[in-house]
Amino acid sequence: MADHRFRPVSGEKPCCDISKKARICLCVVFGLLVVVIIAVVVGIVMWRQPPQHQEWKGAGTTAHFYEIILGRCYTYTQIVRPELGHKDCQKIGKAFTNAFLSKDPCGSTEQDYQPLMELTNQTVPCDKTLLWSKTNELVHEYAWVQRELFTLENTLLGYMGDGLRWCGDLGSSEMNYQSCPDRRKDCSNNSVSVFWNTVSKRFAEDACGVVHVLLNGSVHNTFDERSTFARVEVFNLHPEKVHTLQAWVMQDIRNISSDSCSDASIKNLKLILSKRNITFTCEDNYRPIRFLQCVKYPEHSSCRSKI
Amino acid sequence: MAALGRASSLLSLLALLLVPAAGAGGARWRGEGTSPHLRSIFLGRCAEYSSLLSPELRDKNCTAIWEAFKVVLDKDPCSVFPSDYELFISLSRHSIPRDKSLFWENNHLLVTSYAENARRFMPLCDVLYGRIGDFLSWCRQENASGLDYRSCPTSEDCENNPVDSYWKMASMQYSRDSTGVIHVMLNGSEPKGAYPVKGFFADFEIPYLQKDKITRIEIWVMHEIGRPKVESCGEGSVKILEERLEKMGFQYRCINDHLPVKLLMCVDHSTHPDCALNSTCGCGGSPVLLH
């Protein structure tokens, strides 16, 4: 243990010409300064740390969500459907994020999306509405080729939101990029599900003439009462405007079984529509879309042709 | 005759399809003006491509890519060279999966449909630097700073214009990065010939193919349903292409009306005799009315 007693060493002059009192004062001031600096640094670090978001079981907001929806809005209104060139994408982008930022991601409502809906009104020509259920890839491939048909994802809002995820938090003005509510495991009134229910409802309400729907004849529940198509779209078709719903039921080309238009779930759909005074027609393995399936399996016997 | 700029033909096709004919009276150049909100579309597409379509490209810095691109917006619209896009390309380039390259002439929409959003094939428009610029147009004003939104030069106005130089650079890079089996889709119903002897494929793609990385080249000559078969394999300009590839030492194969693509064309012409399917099709006849 060192000897703490201060003993002047012979021949050594003291460091600076300051009295002991002043030296103590300086040390105290210096010590205080260090404490203050540490406090400020800690304060800044804590202030800058993003507030903790809630943890959910679904994937978080898509990275660069805002840039993506803005770019899509401009692409859609300037290039895809230039007749919508008057739409204000800045306003639309803001209305979209305002619908869920700083809000409970499990308490989303249709009202939250009303300002966005008003800014993105769009008329789809009669006979051109194409609904779908369990045929995501096929229906959009078909709509790409038959450009006059509109799936929901071919309308401005559907185009903007397609494939993205988003949610906010009550205690924060930031998007939650870590996680968002899963429809089944967390809550059904989440920002994303409510969005799709809201836009699907309007899409169905706006439809007129003959409406088409592409269904999957190779799954167990071709017409699924829990699907958005059943819950939202079928029930929001207006019989005064829509006189016929025509279903195209496509089966997996490698496994074509019996006539799927006589499937029990299809009969159920027919019943629901007849109660609403809408005519129902059904076509098995609609030929143009059969060609689309053949692109993947050109050598299949159903695809042999005289080409 | 001036070379068919791919971008100009793209944009004029699109103009015919989508944009109502605008009275261009007084416009300085022959091409479409700068796309409105160019920066937002650019950044949005870049973000979308790297976040959604190719998550392995998540580290791409879209802001830096834009900064590299926008230098051409300050240049005289007739003095923009492919090399002006060098930094842009170096920041946005990425590998192309082997055997997935698809080159084409005169069938943009068919190629995009067939490529299935890069799932089946990866044509230039499904590569980041191709996706960003697809269907867009840009140029500075001739005698002032600021963008020209009325018109932009095409190859007929001047060779070194911003859009053509972009696609030249993009095409060269796409070729350099293509490996394995190379596919080319040509339009055998095009009256001017299926293989444009002066065009993007001829001038900016074939010369940059890496022979040591390519196994063979497959040419598909597609004929439009109900339109005349102007050229087929071994004929006219297709023969010129075949001979050129042979001379360069490439193994190649030419197929008329490659079946999967033909079937795709039939989606739109399902009742045409050329699309008659076997009776084992299992397709429904007339719709059944259910009451």
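- Taking 4.5 Å as the limit, every side-chain heavy atom of E48(B) sits out of range of all side-chain heavy atoms of H64(A).
- Contact check for L43(B) versus L70(A): no side-chain heavy atoms found under the 4.5 Å cut-off.
- Side-chain contact check for R120(B) versus V295(A): some heavy-atom pair is nearer than 4.5 Å.
- Within the 4.5 Å cutoff, the side chain of L292(A) has heavy atoms near those of the L264(B) side chain.
- Legend: residues meeting disulfide (SG to SG under 2.5 Å) with C125(B), ordered by chain and number and at least two apart, are absent.
- Your options are G44(B), C62(B), S50(B), S35(B), and the one with the most heavy-atom pairs under 4.5 Å with chain A is G44(B).
- At a threshold of 4.5 Å between non-hydrogen side-chain atoms, the residues R147(A) and L109(B) count as touching.
- Using a 4.5 Å cut-off between heavy atoms, E299(A) touches chain B through its side chain atoms alone.
- Neither the backbone nor the side chain of Q293(A) comes within less than 4.5 Å of any heavy atom in chain B.
- If you measure heavy-atom distances from Y66(A) to chain B, you find no contacts under 4.5 Å at all.
- Partners of K100(B) according to the side chain to side chain contact (heavy atoms under 4.5 Å, CB included) rule, which considers only residues two or more places apart in sequence or in another chain, are P97(B), M122(B).
- Looking only at side-chain heavy atoms (C-beta outward), E116(B) and H140(A) stay at 4.5 Å or farther from each other.
- The candidate with the highest count of non-hydrogen atom pairs below 4.5 Å against chain B, out of E137(A), Q146(A), K267(A), is E137(A).
- Note on E67(A) versus R45(B): no salt bridge recorded, every NZ/NE/NH1/NH2 to OD/OE distance being 4.0 Å or above.
- More than 12 heavy-atom neighbours from other residues, nucleotides or ligands sit within 6.0 angstrom of CZ on R131(B).
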